[in-house]
Amino acid sequence: MSKVKAAVFASGTGSNFQAMLDEDDFPCEIVLLVSDQEQAGVLKKAMQHGIETFVFSAKDYESKEAYEAEIAEQLKRKGIEWVFLAGYMRLIGPTLLQAYEGKIVNIHPSYLPAFPGKDAIGQAFEAGVRQTGVTVHFIDEGMDTGPIIRQEAVSILANDTKETLQKRIQKVEHRLYPQVIRELIQK
Ligand code: GRF
């Protein structure tokens, strides 16, 4: 079966991106990594795997619409069908949402709708709840509000630190995201 072309948008270390690359027989080929952070660790990972990158700085554009139009143009030119967000710290605007309706997916490190936004792991830890989790969801114009595809709960243990909790959450992310992507693509 020929592989479906996908792009990953990421601004951080890229461990979720790496998890996709490490999958055996992953049904999509990641042909572009988009980042708004030129120092992001994920860029090194893309280069090591020979994956093309598009790095932009929002301040070089007059509007979100302008940089998203450029991104959308590149995605279409490369025949990309799916976009997977993995630590991309910007809201997706109408330009990309319309160009890739129902084809932009995100992973968030909490059991949404609890703890949306930045530092979701820290938010859950500070709140003193006994359970948080991981959510894979479609993107809409809101902050972590799009339709939920799959969730998995992660317990917060009495002796957890934020770091140990983060490790367990990431372990779940690295298994769950590629698995959900496989199911979406094979539908
Ligand atoms: C992940 O926790 C993901 O859920 C969130 O951003 C983080 C990215 O981590 N959206 P990494 O760069 O993939 O390690």
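Just follow the structure's listing: the first ligand is 1, and inside any ligand the first atom is 1.
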Looking at CG of L96 and NZ of K64, how far apart are the two atoms once the value is rounded to the nearest 0.5 Å?
8.5 Å
Quick one: is the NZ or CZ of K103 closer than 6.0 Å to the six-membered ring centre of F138, and within 45° of its axis?
no
Work out which heavy atom in W82 is nearest to a heavy atom in G102; give both atom names and the distance.
CZ3-O, 3.8 Å
Could you pull out every protein residue that has a heavy atom closer than 4.0 Å to ligand 1, ordered by chain and then number?
G12, T13, G14, S15, N16, G87, I107, H108, P109, Q170, E173
With a 4.0 Å cut-off on N to O distance, would you call R182 and D25 a salt bridge?
no
Specify whether F84 and Y177 have parallel, tilted or perpendicular ring planes, treating 30° as the upper limit for parallel and 60° as the lower limit for perpendicular.
perpendicular
Between T135 and Q151: side-chain donor-acceptor atoms closer than 3.5 Å:
yes
